[in-house]
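Data block below; observations after.
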Amino acid sequence: MSVVVITGGSRGIGASAAEHCAQRGMGVILTYKSDPHSAASVVERILASGGKAVALELDVADISRFDSFREAVQLALQTTWGVTTLGGVVNNGGHGLFNPLETVTEAQFDGLLNVHLKGPFFLIQALLPLMEEGASIVNLTSATTRVATAGVAPYAAFKGGLDVLTRYMAKEFGPRRIRANSVSPGAIRTELGGGLNEEFETLLASQTALGRVGEAQDVARVIAMLLSEEGSWINAQTIEVSGGYFI
Ligand SMILES: NC(=O)c1ccc[n+]([C@@H]2O[C@H](COP(=O)([O-])OP(=O)(O)OC[C@H]3O[C@@H](n4cnc5c(N)ncnc54)[C@H](OP(=O)(O)O)[C@@H]3O)[C@@H](O)[C@H]2O)c1
């Protein structure tokens, strides 16, 4: 059985991705940062529908703990699935920030950098020894890398950096037949950045060709596809999943 790690699997897109992966027969190691109860609920739902999942604590901004996280992943692989390797890693966990460029603080800037670029870089480096031939990396980026959206400058810039990093991962890990792709959501109804209010949602829906904002499962299905056999010839791509945002 292929086992995948999904960071930020306690809610939103990551939780939905965990459930979609489990439905496709993958084992899921999902992580949470501050909410073990929600993570446990996702695990329970997966177990109740016949899948297998484990929740581990991880702050992707805390690189100093990545070695112990790898050990926890190794232990989970052996005790829950009786295997030693990973079939995929999804860099999904993180937070958003709405603050105009002129008032962003250094701490806010560094917080976004650590979570959306530095953390994913070193997490993949830490987990690479566990990744099997044919494994799949999925990095969550954002349509704000394509459409400049006032108030999210550092977030969008680091997501743009992650898109570039995706292609370098694909290049350097290709000899091991490890693929890397970015999934770039448009506006999705989750709790990111405090969630969407009605007025903002109406505006975003009017800017989207399909006339609504996305749901977590709209993105989760694409993540699960990229982690599975159907995605096995897709590599080094940024796939926008936005219903046609600002086209
Ligand atoms: N929603 C959108 O409109 C949208 C659009 C474009 C891109 N994205 C991207 O999609 C990904 C998922 O977003 P979402 O909308 O599902 O967000 P969400 O509903 O706010 O969920 C965020 C998840 O990330 C975890 N998390 C937060 N900070 C973390 C950290 N420092 N280390 C590890 N995990 C952390 C949270 O864990 P706890 O709850 O346990 O703290 C939670 O599981 C993010 O990378 C986001 O940038 C979202």
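Counting begins at 1 with the first residue of the sequence. As a basis for the values below, the full set of heavy atoms in this structure was taken, side chains included, without hydrogen atoms, waters or symmetry mates.
- Open room surrounds CD on Glu229; 12 or fewer heavy atoms of other groups in view lie less than 6.0 Å from it.
- Checking side-chain atoms of Asn235 against main-chain N and O of Ala180 turns up a donor-acceptor pair under 3.5 Å.
- For the atom pair CZ (Arg65) and CD (Glu57), the distance works out to 5.0 Å, reported to the nearest 0.5 Å.
- Looking only at distances, no side-chain donor or acceptor of Lys33 sits under 3.5 Å from a matching main-chain atom of Thr7.
- Here Met169 contributes atom CE and Asn181 contributes atom CG; the two are 11.5 Å apart, rounded to the nearest 0.5 Å.
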*asked:* As a quick check of understanding, evaluate side chain to side chain contact (heavy atoms under 4.5 Å, CB included) for Thr190 and Ile13, giving each step before the final call.
replied: CA-CA 7 Å; Thr190 68; Ile13 294 168; 4.2 Å; yes
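- Of the possible donor and acceptor atoms, one in the side chain of Arg176 sits under 3.5 Å from a partner among the backbone N and O of Leu128.
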*asked:* If you apply the rule side chain to side chain contact (heavy atoms under 4.5 Å, CB included), what do you find for Tyr32 with Leu56, and how did you get there?
replied: CA-CA 6 Å; Tyr32 60 91; Leu56 298 176; 5.6 Å; no
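- Rounding to the nearest 0.5 Å gives a distance of 8.5 Å between CZ of Phe66 and CG of Leu127.
- No donor-acceptor pair closer than 3.5 Å links the side chain of Thr103 to the backbone N or O of Asn99.
- Take Ser182 and apply the side-chain contact (heavy atoms from CB on, under 4.5 Å) test, not counting sequence neighbours, and it matches Asn139, Thr141, Asp163, Thr166, Thr238.
- The CD1 atom of Ile46 sits 11.0 Å away from the OG atom of Ser41 when rounded to the nearest 0.5 Å.
- For the pair His116 (side chain) and Ala156 (backbone), a donor-acceptor distance under 3.5 Å is absent.
- Ser228 contributes atom OG, which lies 12.0 Å from atom CD1 of Ile223 (distance to the nearest 0.5 angstrom).
- You'll find the ring centres of Tyr155 and Phe109 outside the 6.0 Å limit.
- Ser10 OG to Asp35 CG: the interatomic distance, rounded to the nearest 0.5 Å, is 5.5 Å.
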